[in-house]
*Asks:* 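My questions will all concern the structure given below.
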Amino acid sequence: MSSNTFLGMPSLPVFGHGNLNATEAFPKAAHRELGNEQLRANLGHATHTIRDKRLKVVAELPDWEDMRNAGAAIKDATMANLPALLEQFEENFTARGGIIHWARDAQEANEIVTALIRETGETEVVKVKSMATQEIGLNEYLEEQGIAAYETDLAELIVQLDHDKPSHILVPAIHKNRSQVRDIFLREMPVVDPLLTDEPAKLAEAARRHLRKKFLSAKVAVSGANFGLADTGTLTVVESEGNGRMCLTLPETLITVMGIEKLLPTWEDLEVFMQLLPRSSTGERMNPYTSLWTGVTPGDGPQNVHLVMLDNGRTAALADEMGRTALNCIRCSACMNVCPVYERTGGHAYGSTYPGPIGAILSPLLTGIKSEENNSLPYASSLCGACFDACPVKINIPEILVHLRGEDVDSKRAKVKVPTQMDLMMKGAEWAFSGGAKLNLLERGLPLGKLAAGRDKVIKKLPGIAGGWTQSRDIPAPPSQSFRQWWAKEHKPGAAVVPGNTAEDAGNGSEGEQP
Amino acid sequence: MSAREDIMNRIKSALRDAPATPVVPREYRRTSDMTAAQRLEQLVDRLVDYKANVFLTPAGEAPARLAELLAGSASIVVPHGLPESWISGLENDGGTPAVHVDSPEHRLTTAELDAVDAVVTAAAVAVSETGTIMLDGGDDQGRRIISLVPDRHICFLNVDQIVEVLPEAIARLEASRPQTWISGPSATSDIELERVEGVHGPRTLDVVILT
């Protein structure tokens, strides 16, 4: 095993590509999505259902916080020792007959998977829901190459049949309600009972019938992985429906695409994550099915087992000392379900495969802050911190959001020589807040604001960049006097004092002008 | 340079600040303080919550229980290592299901498995706190495919195989064996996040706990 020490020249971060970008600025996309009342009703219902379930099963465990502490430490330890752990994993997986491929980016991963499918002579594959393959746009790429990829997870199937995009990492069709799902099935399934009702059990049965033959005859499956265990070379897929088991067990060839950050150092570590993940994601004590495989087992399951290890910007995220803990994410989606912004805008507004609070940090970390509109994502938050509280591996999402906002501002500053409106405003604020007398001087302008507000007593539009603030809200009219002015009037030390001077004295008295 | 070398170099470059490796605090529960009776009660509660059918049966009555569960079934599959006594009740009784044995010498095809009414297996270990039964491909559990394709899974469990918390099960299992962890019948929460039982895996899970 080689050492972790890097001896060469430090290289510039190499960012990722694929379905990782906001294609329009978040405020604009959010504004459009907010107009969709059906979407908001569906999302509100779903996120509240899952929140309540999560809280209930988390409260059952006396050692939930101990588990979170262990989970966070295990992932930090994983990232700190990633080269050695990857080598250890590779050695164990390969020793058991698995074959490992490495992909620098989305394009390379897509090419590797395509070549592996071509080797089998097949033109159809079944797929287990996987964020990594969503991220690299594998389905679209395979389609261009004449290979049909069938999504088998119910929600992914709904999205695929509807030619739509996922809007949530755990429940990609969370934006659809049951009657919308029924309509999609009636329209898109080649064989379907025309009397299909919108009862979820009936819809699940329709999906079973639709996919059964595919499963039983599939020769090649493509999956992601939830965890890779370095000390044993074991891969894990966590699921509910059994579509995962079908794909991982029946075909002759299994191709798994996994991000390099998905490792856990030891088998024992799985005991922490298999408690954290199900309770955080679906709000269940345990998900119905978990499959584990280590390379090839003779006579049991696929006999050609491949794994594509994906970078695609993960090393760039790792290079960001403030942001690297975003790689600790286990894709549970708890942060989405508690986020007041996600709950209202839905996942499509974020553009990237990874929406919600984690997406707002992960996407720009993987692609670089300057990629397309990803610099707008770190602002898609009120910084309320609910995501941090919910995160099973304690990723400090608000802190990373602020860090990335800083990156965004710095990256623009570097480009622009002339001071921006924001720079000028900040300079002005620096002057005004540097002393009570200066602030007081400005406050004398308050009656002007009141005048500007007019008879409605609201200001509907501010000039310049301040206009962004009034885009979605009104400012109430300012009062005719400030607190200091009021104080000065109420606490006149003597009768014959010039009002201006008194106000200044009072201001200095309470706040103190420090030299 | 190969992609592997490239990625390794990128990682090492990214970690040039040499972040510290924290000591993992393992203060969470790693052993049970429940009695066997409490674990049994908890497991039954969880399995029922998942809509599995649970039967507590004295070990000696296993054959009778199985015969009762399989009344009306035409055929079943069993792994070659399943205790013969369990299926003895079937063989002694004329009009009962045909028993197909899946073994390394005679592996059933997917189509054959799709045609049987049920699969009967043992299990490796069970976790009461989460209602999880683990199969590890032992001779009495068989290949993963046999407990997947049939629409009904009848799983036998000995009461001494029940642990309370997941770490206890992890300690009993061997990572490199092909495993399936099962917590109730196949289910989905994909439509409006409401759990519905019965999708692609066995839609009926019967758990016979031998006391």
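Each chain gets a letter, A, B and so on, in the order the sequences are listed, and its residues count up from 1.
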*Asks:* Please look at Asp231(A) and chain B and tell me whether the side chain, the backbone, both or neither of the residue comes under 4.5 angstrom of a heavy atom of that chain.
*Replies:* neither
*Asks:* Please identify, among Thr180(B), Val149(B), Leu148(B), the residue contributing the most non-hydrogen atom pairs under 4.5 Å to chain A.
*Replies:* Leu148(B)
*Asks:* Which atom names give the shortest non-hydrogen contact between Pro202(B) and Arg245(A), and what distance separates them?
*Replies:* CD-NH1, 4.0 Å
*Asks:* Go through the steps to decide whether Arg4(B) and Asp311(A) satisfy the test salt bridge (charged side-chain N to carboxylate O under 4.0 Å, His left out), and finish with yes or no.
*Replies:* CA-CA 10 Å; Arg4(B) 183 185 183 284; Asp311(A) 177 355; over 6 Å; no
*Asks:* Who among Arg195(B), Glu197(B), Arg177(B) has the most heavy-atom pairs with chain A under 4.5 Å?
*Replies:* Arg195(B)
*Asks:* With a 4.5 angstrom heavy-atom cut-off, which part of Glu108(A) approaches chain B: side chain, backbone, both or neither?
*Replies:* side chain
*Asks:* Please report the closest heavy-atom contact between Ala70(A) and Val24(B), naming both atoms and the distance.
*Replies:* O-CG1, 4.0 Å
*Asks:* Select one option (side chain, backbone, both, neither) describing which atoms of Thr49(A) are under 4.5 Å from chain B's heavy atoms.
*Replies:* side chain
*Asks:* Using non-hydrogen atoms and a 4.5 Å limit, figure out which bit of Arg279(A) sits close to chain B: side chain, backbone, both or neither.
*Replies:* side chain
*Asks:* Please look at Asn42(A) and chain B and tell me whether the side chain, the backbone, both or neither of the residue comes under 4.5 angstrom of a heavy atom of that chain.
*Replies:* neither
*Asks:* Which atoms of Gln275(A) are under 4.5 Å from chain B, going by heavy atoms: the side chain, the backbone, both sets, or neither?
*Replies:* both
*Asks:* Let's test your reading of the structure: which of Leu292(A), Asp320(A), Leu229(A), Thr315(A) forms the most heavy-atom pairs below 4.5 Å with chain B?
*Replies:* Leu292(A)
*Asks:* If we define contacts as heavy-atom pairs under 4.5 Å, which of Leu173(B), Val23(B), Val127(B) has the most with chain A?
*Replies:* Leu173(B)
*Asks:* If you tally heavy-atom pairs under 4.5 Å against chain A, which of Leu205(B), Thr132(B), Leu135(B), Val165(B) wins?
*Replies:* Thr132(B)
*Asks:* Just give me the residue among Arg30(B), Arg144(B), Glu27(B) that pairs up with chain A most often, heavy atom to heavy atom, under 4.5 Å.
*Replies:* Arg144(B)
*Asks:* Where on Ile260(A) is there a heavy atom nearer than 4.5 Å to chain B: the side chain, the backbone, both, or neither?
*Replies:* side chain
*Asks:* So do Ile7(B) and Met309(A) actually touch side chain to side chain, heavy atoms under 4.5 Å?
*Replies:* no
*Asks:* Measuring heavy-atom distances to chain A, does Glu129(B) have an atom under 4.5 Å in its side chain, in its backbone, in both, or in neither?
*Replies:* both
*Asks:* Given heavy-atom pairs under 4.5 angstrom as the criterion, report whether the side chain, backbone, both or neither of Glu90(A) touches chain B.
*Replies:* side chain
*Asks:* Can you tell me how far the CD atom of Gln180(A) sits from the CD1 atom of Ile191(B), to the nearest 0.5 Å?
*Replies:* 11.5 Å
*Asks:* Taking side chain as everything from C-beta outward and backbone as N, CA, C, O, which of these in Pro104(B) sits under 4.5 Å from a heavy atom of chain A? Side chain, backbone, both or neither.
*Replies:* neither
*Asks:* Given heavy-atom pairs under 4.5 angstrom as the criterion, report whether the side chain, backbone, both or neither of Leu43(A) touches chain B.
*Replies:* neither
*Asks:* Heavy-atom cut-off 4.5 Å, strictly under: side chain, backbone, both or neither for Ala103(A) against chain B?
*Replies:* backbone
*Asks:* Give the member of Ser176(B), Pro178(B), Gly184(B) that has the highest number of heavy-atom pairs under 4.5 Å with chain A.
*Replies:* Ser176(B)
*Asks:* Report which part of Leu318(A) has an atom under 4.5 Å of a heavy atom belonging to chain B: side chain, backbone, both, or neither.
*Replies:* both
*Asks:* So which part of Glu60(A) gets closer than 4.5 Å to some heavy atom of chain B, the side chain, the backbone, both or neither?
*Replies:* side chain
*Asks:* Heavy-atom distances under 4.5 Å only: say whether Arg96(A) touches chain B with side chain, backbone, both or neither.
*Replies:* side chain
*Asks:* Working to the nearest 0.5 angstrom, can you tell me the gap between Asp66(A) CG and Arg26(B) CZ?
*Replies:* 12.5 Å
*Asks:* Measure Ser147(B) against the heavy atoms of chain A and call it side chain, backbone, both or neither at under 4.5 Å.
*Replies:* both
*Asks:* If you round to the nearest 0.5 Å, how far is CZ of Arg10(B) from CZ of Arg314(A)?
*Replies:* 12.0 Å
*Asks:* In Å, rounded to the nearest 0.5 Å, how long is the span from CE of Met286(A) to OG1 of Thr130(B)?
*Replies:* 4.0 Å
*Asks:* With a cut-off of 6.0 Å (strictly less than), are more than 12 heavy atoms of other residues, nucleotides or ligands near NZ of Lys53(A)?
*Replies:* yes
*Asks:* Drop me the distance from Thr290(A)'s OG1 to Trp181(B)'s CH2, to the nearest 0.5 angstrom.
*Replies:* 6.0 Å
*Asks:* Side chain, backbone, both or neither: which part of Thr78(A) has a heavy atom under 4.5 Å from chain B?
*Replies:* neither
*Asks:* How long is the span from the OG1 atom in Thr236(A) to the CD atom in Gln179(B), to the nearest 0.5 Å?
*Replies:* 9.0 Å
*Asks:* Determine, stepwise, if the pair Asp190(B) / Lys129(A) fulfils salt bridge (charged side-chain N to carboxylate O under 4.0 Å, His left out).
*Replies:* CA-CA 12 Å; Asp190(B) 278 351; Lys129(A) 178 174 161 3; over 6 Å; no
